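Since the model is a prediction, treat every value here as computed from it, not as a measurement.
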Amino acid sequence: TFTYGVSGQSFSNKGWSKSTTSNGTTYTYTLIGWSESATSMSGGIYSPLNGVNNSYINEKSPSTKLYAVWVQNPAVTFVHNPATLANGYAMSSVATVTYSSTNVTSPVYYIKTTRTGTSSVAVTQSCGTSDKPGTCTTITNTTVLTANTWYKISGNTTVTYNTAATSTGTLYAYTYDGTSAMAQGTGTIPKIDMSSPSISIDTVAATDNNITISYKLSDQSGIGSYTCNYGKEEPPYISSGNANYSSNATSVSTTNCTLS
């Protein structure tokens, strides 16, 4: 409700949100404005917090009907290798970014990643390093997305991450309506572990009945499982890449194993 003669009135920010789920993927939406038509925006739209003056009140009195205009936020999904993260780590990860132009006449798409990644779609314009895309400048055609830099991109893409990292990152994708409103999608980039686990022998203690080998295990993403085997035959114990160790240790832990 608006009152004639009162200045500073505008549409209120109700914090509306919308989401839908299709084939297991949830899509979220941003309210970019209001239209007087339920099926067409040919007459333009009002901004979400559009100002209301006396002329508008006179024209629309006693009431008018407005329809929310939603823009689908870019969808960001990840496929990790392996599929299940180990303590937040993957060996590599591929993000799929899907943009939507529904209800946007002339959409402009942007992407930014806080970790360097490789895009399946080449970019030719970089657009600053601020929280939101800024003025774009022409760059040499590249598929490498430098960390913390906005790029204008032609549309849907995948971004591959396969460089070691001990902390998570964020991928941002924006759809811009050419005026002021933006729809944003984000995704969390996992930590990446490219190194194999390592083992170092500390001590070997022998008795008449057994040998206890103490060691240190280490891996960036953690040790998932371990085993200790030995062979009773003469060397070589490794043949054509296959271990000839025939017996299990009588006990094994993360710090030592006992061979009887």
Query raised in the report: Does the side-chain hydrogen bond (donor to acceptor under 3.5 Å, both in side chains) test come out yes or no for T212 and T258, once each step is laid out?
Result: CA-CA 4 Å; T212 298; T258 299; 3.2 Å; yes
Report summary line: For residues 115-133, the salt bridge (Lys or Arg N to Asp or Glu O under 4.0 Å) pairs (sequence neighbours left out) are none
Query raised in the report: Passes side-chain contact (heavy atoms from CB on, under 4.5 Å), I192 versus M91? Steps please.
Result: CA-CA 5 Å; I192 301 294; M91 291 178 62; 5.9 Å; no
Query raised in the report: Does Y67 sit in a hydrophobic cluster with other residues, and if so which ones, taking ILVMFWY side chains as linked at heavy-atom separations under 4.5 Å, directly or through other members?
Result: none
**Report entry** Heavy-atom side-chain contact between S200 and Y215 under 4.5 Å
**Finding:** no
Requested in this report: Would you indicate whether the side-chain heavy atoms of E36 and K60 approach each other to under 4.5 Å?
Outcome: yes
Report task. Give a yes or no on whether the backbone of T158 and the side-chain of S120 come within a donor-acceptor separation of less than 3.5 Å. Result -> yes
Query raised in the report: Looking only at atom types and distance, does a side-chain atom of S253 sit under 3.5 Å from a main-chain N or O of N256, one as donor and one as acceptor?
Result: yes
Report summary line: Cluster membership besides Y161, Ile/Leu/Val/Met/Phe/Trp/Tyr side chains within less than 4.5 angstrom, sorted by chain and number, is V76, F78, V97, Y99, Y109, I111, V121, V123, I139, L145, Y151, I153, V159, L171, I189
Query - Full working for side-chain hydrogen bond (donor to acceptor under 3.5 Å, both in side chains) between T21 and T26 - result: CA-CA 4 Å; T21 300; T26 298; 3.3 Å; yes
Query raised in the report: Considering only heavy atoms from C-beta outward, does the side chain of S126 approach that of T137 to under 4.5 Å?
Result: yes
Report task. Please work out whether the ring planes of Y46 and Y56 are parallel, tilted or perpendicular, with thresholds of 30° and 60°. Result -> perpendicular
Query raised in the report: In terms of heavy-atom contacts, does NZ of K216 have more than 12 from other residues, nucleotides or ligands at under 6.0 Å?
Result: no
Report summary line: Rounded to the nearest 0.5 angstrom, the OG1-CG distance for T96 and N156 is 9.0 Å
Query raised in the report: Can you check whether W150 reaches Y174 side chain to side chain, under 4.5 Å on heavy atoms?
Result: yes
Query raised in the report: Taking it one step at a time, do F11 and L66 satisfy side-chain contact (heavy atoms from CB on, under 4.5 Å)?
Result: CA-CA 11 Å; F11 297 164; L66 298 175; 3.7 Å; yes
Query raised in the report: Distance-only, no hydrogens or angles: does the T146 side chain make a donor-acceptor pair with backbone N or O of T149 under 3.5 Å?
Result: no
Query - Stepwise side-chain contact (heavy atoms from CB on, under 4.5 Å) check, Y110 with C136 - result: CA-CA 10 Å; Y110 298 94; C136 297; 3.9 Å; yes
Report summary line: Rounded to the nearest 0.5 Å, the CD1 atom of I32 sits from the OG atom of S47 at a distance of 10.5 Å
Query raised in the report: Are side-chain heavy atoms of Y27 and S22 found at a separation under 4.5 Å?
Result: yes
Query - Donor-acceptor under 3.5 Å (T114 side chain, T170 main chain) - result: yes
Query - T140 side chain near T142 side chain, heavy-atom distance below 4.5 Å - result: no
Query raised in the report: Does K112 use its side chain to pair, donor to acceptor, with the backbone of S130 at less than 3.5 Å?
Result: yes
Query - Side-chain donor/acceptor of N54 to backbone N/O of G5, under 3.5 Å - result: yes
Query raised in the report: Stepwise, does the side-chain contact (heavy atoms from CB on, under 4.5 Å) test hold for Y172 with T113?
Result: CA-CA 6 Å; Y172 300 91; T113 169; over 6 Å; no
**Report entry** 4.5 Å side-chain heavy-atom contact, K152 and V108
**Finding:** yes
Query - Flag, side chain of D193 to backbone of Y89, donor-acceptor distance under 3.5 Å - result: no
Query raised in the report: So do P190 and H80 actually touch side chain to side chain, heavy atoms under 4.5 Å?
Result: yes
